[in-house]
Protein chains: 2
Amino acid sequence: MQNKDLSLLKELGLKLTPQRLAIIEYLKGNKNHPSAEEIYNALKDRFPSMSFATVYNTLEVLVEKGLIKELSIDSSKKRFDPFTHPHHHFICKACGKIVDVEAPFEVFVPESLRDFQVEDFKVVFTGVCHECKKE
Amino acid sequence: MQNKDLSLLKELGLKLTPQRLAIIEYLKGNKNHPSAEEIYNALKDRFPSMSFATVYNTLEVLVEKGLIKELSIDSSKKRFDPFTHPHHHFICKACGKIVDVEAPFEVFVPESLRDFQVEDFKVVFTGVCHECKKE
DNA sequence: CTAATTGCAAAAATTTTGCAGGACT
DNA sequence: AGTCCTGCAAAATTTTTGCAATTAG
């Protein structure tokens, strides 16, 4: 999610409404992998009339245009990630925090996938984070 | 999900009702990573009175006891996997199929996680499967 | 001005829960 | 017999949808 993305949206004929700009602003640089509800709650003070439809609609557009990614990490709800470059995640089983893992390591693509066209892979680490380890 | 698991369930004071046995039987060796609804639909002919509550309750028990795993691969619904040994997955973006990847490869644990207690990792490959590649 | 977007409300989809009756050990 | 489990129905959660009113470009 970059600043230049704003002009990209415009070019595509999409309108930069205040609500959209607020959602984009909220997501920009956000490392908390928020859900739709978290985004809604964070913005409803500034936009008391905003509806979930707008949040979901905007998220859908941003995902479609590749400006954010939808995560399937939390099986109870969708989460969204403004960092679209290849990266991985660590989930703390104590506090539930999801941490970005930037290392661009390689994974051996196993023999069983030799006939498949493997385009990407994502690694999810689990364990206990530094803060929770102390307790 | 193994045969010996049945006696394990009994030992834990859990009852082997016909519905539970049917769900266990349906899951055993099943490589389709079914959702609760798929399990329900597959069994409702044999158990016309069976309710979702029973399916969800049984799945919860099986997950709790470690006999199956809940997957967070599909962001629209929970899926369940009777294979509890460490393994990974490939998702075909054309047909949506989820394929088990058995290779016990190692992943480099990145420096940024040095203060974390990393206990496990799962890899999700994406791409196009052999069948879909032909088309 | 016009097409895109919002907000509302209803609905769909998935999962959870309370409880009375029924079944397993 | 006693505890666990089932089925039902209602509710909670998350997400989607239709549509009239509004707004950005």
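Below, chain A is the first sequence line, B the second, and so on; all start at residue 1.
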Contact nearer the 5' end of DNA chain D, comparing B:S75 with B:R20: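 Closer to the 5' end of DNA chain D: B:R20.
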Side chain of B:M50 only, heavy atoms from C-beta on: which candidate in D:dT14, D:dG7, C:dT5 is closest?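 Per side-chain heavy atoms of B:M50, the pick is D:dG7.
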Taking the side chain of B:K15 as heavy atoms from C-beta outward, which of D:dG25, D:dC4, D:dT14 is closest to it?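 The answer is D:dC4, which lies nearest to the side chain.
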Are A:Q19 and D:dT23 close enough that a side-chain N or O sits under 4.0 Å from OP1 or OP2?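 Answer no for this pair, as no side-chain N or O of A:Q19 is under 4.0 Å from OP1 or OP2.
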Between B:H85 and B:E102, is there a side-chain donor-acceptor contact under 3.5 Å, judged purely by atom types and distance?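 Note: B:E102 and B:H85 side chains meet the donor-acceptor criterion.
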Nearest whole angstrom, please: distance from the P of D:dC5 to the CG of B:L9.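 The answer, rounded to whole Å, is 10 Å.
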Could you tell me the separation between the NZ atom of B:K44 and the P atom of D:dG7, rounded to a whole number of Å?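 So the NZ-P distance, B:K44 to D:dG7, works out to 14 Å.
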Please pick, from C:dG7, D:dC5, D:dG7, the nucleotide with the shortest atom-to-atom distance to any side-chain atom of A:T54.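 The answer is C:dG7.
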Describe the nucleic acid contact of A:K77 in one word from base, sugar-phosphate, nothing, applying a heavy-atom distance below 4.0 Å.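 Counting heavy atoms under 4.0 Å across all strands, the contact made by A:K77 is with sugar-phosphate only.
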Supply the atom-to-atom distance B:C92 SG to B:I98 CD1, rounded to the nearest 0.5 angstrom.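 Here the interatomic distance stands at 11.0 Å.
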Please state how far atom CZ in A:F47 lies from atom C1' in C:dC8, giving the value in whole angstrom units.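 After rounding, the reported distance stands at 18 Å.
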To the nearest Å, give me how far apart CG (B:L14) and C1' (C:dC24) are.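 These atoms are roughly 12 Å apart.
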Whole Å only: how far is the CG atom of B:N57 from the C1' atom of C:dT16?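 Atom-to-atom, B:N57 to C:dT16, this comes out as 11 Å.
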Residue-phosphate contact under 4.0 Å: B:Y56 side-chain N/O, C:dT16 OP1/OP2: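 For C:dT16, neither OP1 nor OP2 has a side-chain N or O of B:Y56 closer than 4.0 Å.
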Do B:S75 and A:E70 meet the criterion of a side-chain donor-acceptor pair at a distance under 3.5 Å?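 There is such a pair (donor and acceptor under 3.5 Å, judged by atom type) between the side chains of B:S75 and A:E70.
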If only side-chain N and O atoms of A:K10 are considered, is one of them under 4.0 Å from the OP1 or OP2 phosphate oxygen of C:dA4?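 No.
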Exceeds 12 heavy-atom contacts within 6.0 angstrom, atom NZ of B:K69: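 Counting neighbours around NZ of B:K69, 12 or fewer heavy atoms of other residues, nucleotides or ligands fall under 6.0 Å, so no.
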Are OP1 or OP2 of D:dC8 and a side-chain N or O of B:S51 less than 4.0 angstrom apart?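 False: B:S51 side-chain N/O out of range (4.0 Å or more) of D:dC8 OP1/OP2.
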Nucleotide of D:dA24, C:dG7, D:dC5 approaching A:A53 most closely (side-chain heavy atoms):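 Among the listed nucleotides, the one closest to the side chain of A:A53 is C:dG7.
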Can you tell me if B:H87 and B:D81 form a side-chain donor-acceptor pair at under 3.5 Å?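 Side-chain D/A pair, B:H87 to B:D81: present.
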Can you tell me how far P of C:dT16 sits from CD of B:E64, to the nearest Å?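 Rounding to the nearest Å, CD of B:E64 and P of C:dT16 are 12 Å apart.
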Parallel, tilted or perpendicular: which one describes the rings of A:F125 and B:F121, with boundaries at 30° and 60°?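 Ring orientation, 0 to 90° scale: tilted.
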Given side chains that start at C-beta, do those of A:L62 and A:R20 come closer than 4.5 Å, heavy atoms only?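 No. Closest side-chain heavy atoms not under 4.5 Å.
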In whole Å, what is the span from the CZ atom of A:F52 to the P atom of C:dC8?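 It works out to 13 Å between those atoms.
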Pairwise 5' ranking along DNA chain C for B:L16 and A:G13, keeping only the more 5' one: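 So the residue in question is A:G13.
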Can you check whether A:S49 has a side-chain N or O nearer than 4.0 Å to OP1 or OP2 of C:dG7?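 Yes, such a contact exists.
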What contact category does B:S76 fall into here, base, sugar-phosphate, or nothing, at under 4.0 angstrom with non-hydrogen atoms?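 Sugar-phosphate, backbone atoms only, no base.
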Angle class for the B:H33/B:H89 ring planes (parallel below 30°, perpendicular above 60°, tilted otherwise)?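 Because their plane-to-plane angle is over 60°, the rings of B:H33 and B:H89 count as perpendicular.
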Angle between the two end axes of the helix from C:dC1-D:dG25 to C:dT25-D:dA1, five base pairs per end, rounded to 10 degrees?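 The angle separating the two end axes equals 40°.
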Spacing between A:L43 atom CG and C:dG7 atom P, to the nearest angstrom: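 That distance rounds to 11 Å.
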